[in-house]
Amino acid sequence: MKDNYIIAIDGPSGSGKSTISKKLAEKLNIEYLNTGSMYRAVTKYFLDNDIKKTDHIDFSKVFCKIKIKFDNNRIYLNDKDITDEIRNDMITKNVSWVSSIREVREFLVDSQRQIAKDSSFILDGRDIATVVFPDARYKFYLTASPRVRAQRRFDQGELDKSIDEIEKDIIKRDEYDSTRAYSPLKKAKDAIEIDSSKLTIDQTIALIIKKMEEKDAL
Ligand code: DC
């Protein structure tokens, strides 16, 4: 049996990371952690407790009160299932500033390392290969053009906005995520970049598995 291993999948929002990671984890029969959902959970806690960007925050006190758990691909914040709620527009609008706070990142990176320390895992996010698991066995950077990503979001049901508006939001969030001071979104030097603009989900998964096999053969 193969030793435990980590697959790191980073990339901008809407690049298909979570759909692909989830399916790939099922195929390989390993665990999956969607780290974006953890930043969304902390954002929900901040909004619920009226913690604002401009507040002076006592992080050690705040983090003591935040318990994030996963069960069956559902995420729980202090024992409440928040899986669906964290996808709403309010959380999506606020998650960028919350995830740019150094203390929030340190808190969550630490939890992510703890969660994935004893078994094989796929983690998807923005800083998995650069910060969380720089020694991950397999590293991928998934991209797609902003237009294609906007079209996917639209097809998934984000119907209250036009494709142009979704595309504008995506470009704005990319800019914010890749220029923030702490762990900005960027491709790790040794990550394999995959542009999924012209690929289906299954084609992308097949390509990732091929690249993993090529690496194993080295
Ligand atoms: O993948 P997502 O769209 O659900 O992520 C939500 C936000 O969380 C995104 O704006 C960037 C941030 N994020 C991050 O900074 N680092 C990660 N590892 C994962 C997500």
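Both ligands and their constituent atoms are indexed starting at 1 by order of listing. Predicted model only: the values in this text are computed from it and were never measured.
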Fill in: Heavy-atom closest pair, residues Ala144 and Ser15
N-CB, 4.4 Å
Practice prompt. Give the numbers and elements of all ligand 1 atoms closer than 4.0 Å to a heavy atom of Gly36.
Written response: 4 (O), 5 (O), 19 (C), 20 (C)
Worksheet item: What about Arg126: any of its N or O atoms under 3.5 Å from an N or O on ligand 1?
Response: yes
Item to complete: To the nearest 0.5 angstrom, please state how far the OG1 atom of Thr35 sits from the CG atom of Leu108.
Response: 8.5 Å
Item to complete: Verify whether one side chain among Asp81 and Thr83 offers a donor that lies under 3.5 Å from an acceptor in the other.
Response: yes
Item to complete: Could you check which of Arg40, Lys93, Met38, Gln112 puts a non-hydrogen atom nearest to atom 4 (O) of ligand 1?
Response: Arg40
Worksheet item: Counting heavy atoms only, which part of Leu185 comes closer than 4.0 Å to ligand 1: side chain, backbone, both or neither?
Response: neither
Discussion item. Heavy-atom contact check, 4.0 Å cutoff: does Arg87 meet ligand 1?
Written reply: yes
Discussion item. Does either side chain, that of Ser162 or that of Asp164, offer a donor lying less than 3.5 Å from an acceptor on the other one?
Written reply: no
Worksheet entry | side-chain hydrogen bond (donor to acceptor under 3.5 Å, both in side chains): pairs with one or both residues in residues 108-117, sequence neighbours excluded | none
Worksheet entry | Per atom 11 (C) of ligand 1, closest listed option by heavy atom (Asp177, Leu123, Asn94, Val98) | Asp177
Fill in: Protein contact of atom 16 (N) of ligand 1 - nearest heavy atom, named by residue and atom, plus distance
Arg105 NH2, 3.0 Å
Worksheet item: Is there a donor in the side chain of Thr19 and an acceptor in the side chain of Arg152, or the other way round, less than 3.5 Å apart?
Response: no
Discussion item. When you compare ligand 1 with Asp124, is there at least one nitrogen or oxygen pair between them that comes in under 3.5 angstrom?
Written reply: no
Worksheet item: Side-chain donor-acceptor pair under 3.5 Å between Arg40 and Thr92, yes or no?
Response: yes
Item to complete: Compute the shortest N/O to N/O distance between Ser37 and ligand 1 and return yes if it is under 3.5 Å, no if not.
Response: no
Fill in: Numbering as shown, the atoms of ligand 1 that approach Ser99 to under 4.0 Å (heavy-atom distance)
12 (C), 15 (O)
Worksheet entry | Distance filter under 4.0 Å to Tyr39 heavy atoms, resulting ligand 1 atoms | 8 (O), 13 (N), 14 (C), 16 (N), 17 (C), 18 (N), 19 (C), 20 (C)
Item to complete: Check each heavy atom of Arg180 against ligand 1 and say whether those closer than 4.0 Å belong to the side chain, the backbone, both or neither.
Response: side chain
Fill in: Residue portion contacting ligand 1 (non-hydrogen atoms closer than 4.0 Å) for Arg173
side chain
Discussion item. So if I count the atoms of ligand 1 from 1 in the order they appear, which ones are less than 4.0 Å from some heavy atom of Ser96?
Written reply: 10 (O)
Practice prompt. Looking only at protein heavy atoms, identify the closest one to atom 18 (N) of ligand 1 and say how far it is in Å.
Written response: Asp127 OD1, 2.8 Å
Worksheet item: Which pairs pass ring-ring contact (aromatic ring centres under 6.0 Å, His included) with one or both residues in residues 103-125, sequence neighbours excluded?
Response: Phe63-Phe107
Worksheet item: In terms of side-chain heavy atoms, does Asn34 have a donor or acceptor partner in Tyr32 at a distance below 3.5 Å?
Response: yes
Worksheet item: Tell me, which protein residue and heavy-atom name are nearest atom 19 (C) of ligand 1, and how many Å apart are they?
Response: Thr35 OG1, 3.4 Å
Practice prompt. With the side chain counted from C-beta on, respond yes when Pro12 and Leu185 share a heavy-atom pair under 4.5 Å apart, and no when they do not.
Written response: yes
